[in-house]
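First comes the structure, then the notes that go with it.
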Amino acid sequence: MILHLDCDTGIDDAIAVAYLLAHPGVRLAGIGTVNGNTAAAQAARNTLGLLALAGRDDIPVAVGEGEIKRGAKAVHGDNGVGGAVLPLGEPPDPRTSVELLLDLSFEYARELHLLATGPCTNLALALRQDPTLPGRIRSVTVMGGAVRVPGNVTPRAEANIADNPAAADEVLRAAWPVTLVPLDVTLRHRWTEQDRARLGGTPLTRALAGMLPAYLDFYEGRTGIRAVPLHDPLAAAIAVGEISAVGSPELPLRVGPDGHISETGDKPVRTVFSVDEPAEKIILDRINGISGRGIA
């Protein structure tokens, strides 16, 4: 699978990056960053640092756009990765995230899959710049939204969608196949302190282990349980087919101006409500280099 990742590299994005790098069936063709958990430039620095730890300086990382709208420092720390110190890494690609995405869409026409784990700003800008883009994209997976559960930034809205509701609505309505991985499923799959302790001893997994205490602290303070939801890693595993969605109806979704997702749209969106595999273990094993299943 040839994949382009669009992300706002906070802690769960970092886990998703590690997962994608570890999967032998995934070719990560490029990464674009967007303002969300942290500023797009900081997200690029975080991503380049992760790639340096993994010895993967060959993957282009481009800085994207957006507007910081939420105070995610309490969740992801001042630098987006829980205060963990990452290596500097290579300089970012000179192209913008939109330019990188469009270039890759031509280079890998009808083969490129998109995974968005942050606000949909870059994807929407790319659609506006080139309305023919959907015809060159194999699939789109978006982590975001709260369809039949409460949101995590307002009672009705999830953070990624609420950051740019208009962009999210454009992406869901565009003429490409979209899979939405909302809070409805991600909140049910979590890592605990014990999972953090099971991370391996590579430079990248040690960095992840160093980030997770801040994330665990936040969720323990919020829920009383020391466990963190695997929002972005779960979306990544679903996107590449290692985890199968068993409850994924096609729903006519629409995003309102406040980020609320309603089932009142005019285009079906595959919406994941459940998976039947032990997602937590599959993701951890894959990152630790333990053999897993291939891409479906």
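Please read these numbers as outputs of a predicted model, since none were measured by experiment.
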Report task. Can you see which heavy atom on A239 is nearest to which on L115, and at what distance? Result -> CB-CD1, 4.2 Å
Query raised in the report: Passes salt bridge (charged side-chain N to carboxylate O under 4.0 Å, His left out), D195 versus K281? Steps please.
Result: CA-CA 9 Å; D195 295 305; K281 182 178 185 300; over 6 Å; no
Requested in this report: Kindly write out the residues that satisfy salt bridge (Lys or Arg N to Asp or Glu O under 4.0 Å) with R156, not counting sequence neighbours, or none if the list is empty.
Outcome: D258
Query raised in the report: So, for L123 and A116, which heavy atoms are closest and what is the spacing to 0.1 Å?
Result: CD2-CB, 4.2 Å
Report summary line: Here the pair of heavy atoms bringing D163 nearest to P165 is C-CD, 3.9 Å
Query raised in the report: When hydrophobic residues are tied together by side-chain contacts of less than 4.5 Å, even through go-betweens, does L102 share a cluster with V63?
Result: no
Query raised in the report: Any link between M211 and Y219 through a network of hydrophobic side chains (Ile, Leu, Val, Met, Phe, Trp, Tyr) touching at under 4.5 Å?
Result: yes
Report summary line: In terms of heavy-atom contacts, V171 and C120 come closest through CG2-CB, 3.8 Å
Requested in this report: Could you tell me the separation between the CG atom of L48 and the CG atom of L86, rounded to the nearest 0.5 Å?
Outcome: 10.5 Å
Requested in this report: Establish whether M143 and M1 are linked, either directly or via other cluster members, by ILVMFWY side-chain heavy-atom contacts under 4.5 Å.
Outcome: no
Query raised in the report: Looking at residues at least two apart in the chain, or sitting in another chain, which of them share a side-chain hydrogen bond (donor to acceptor under 3.5 Å, both in side chains) with Q42?
Result: R45, N46
Report task. Nearest 0.5 Å please: distance from the CD atom of E111 over to the CZ atom of R27. Result -> 9.0 Å
Requested in this report: Could you give me the CA-CA distance, side-chain angles and deciding distance for R128 and E170, then say whether salt bridge (charged side-chain N to carboxylate O under 4.0 Å, His left out) is met?
Outcome: CA-CA 9 Å; R128 294 172 204 169; E170 288 180 57; 2.6 Å; yes
Query raised in the report: Between T9 and D13, which heavy-atom pair has the shortest distance, and what is it?
Result: CA-CB, 3.6 Å
Requested in this report: Please name all residues satisfying side-chain contact (heavy atoms from CB on, under 4.5 Å) with P268, sequence neighbours left out, ordered by chain then number.
Outcome: E250
Query raised in the report: Hey, does P155 have a side-chain heavy atom less than 4.5 Å from the side chain of H260?
Result: no
Query - Derivation and outcome, salt bridge (charged side-chain N to carboxylate O under 4.0 Å, His left out), residues R254 and D169 - result: CA-CA 6 Å; R254 171 173 292 163; D169 194 53; 5.3 Å; no
Query raised in the report: What residue pairs, at least two apart or across chains, pass side-chain hydrogen bond (donor to acceptor under 3.5 Å, both in side chains) with a residue in residues 174-184?
Result: T179-R270
Query raised in the report: CG/L21 to CG/L50 distance, rounded to the nearest 0.5 angstrom?
Result: 8.0 Å
Query raised in the report: Atom CG in L253, atom CD1 in I161: separation rounded to 0.5 Å?
Result: 9.5 Å
Query - E193: partners by side-chain hydrogen bond (donor to acceptor under 3.5 Å, both in side chains), with sequence neighbours left out - result: R196, R226
Query raised in the report: Got a second to check how far Y19's OH is from I287's CD1, nearest 0.5 Å?
Result: 9.0 Å
Query raised in the report: Can you tell me how far CG of L101 sits from CG of L112, rounded to the nearest 0.5 angstrom?
Result: 7.0 Å
Query raised in the report: Got a sec, which residues hit side-chain contact (heavy atoms from CB on, under 4.5 Å) with D57, two or more places apart in sequence or on another chain?
Result: A52, E90
**Report entry** Shortest non-hydrogen separation from N35 to P119 and the atoms involved
**Finding:** O-CG, 3.3 Å
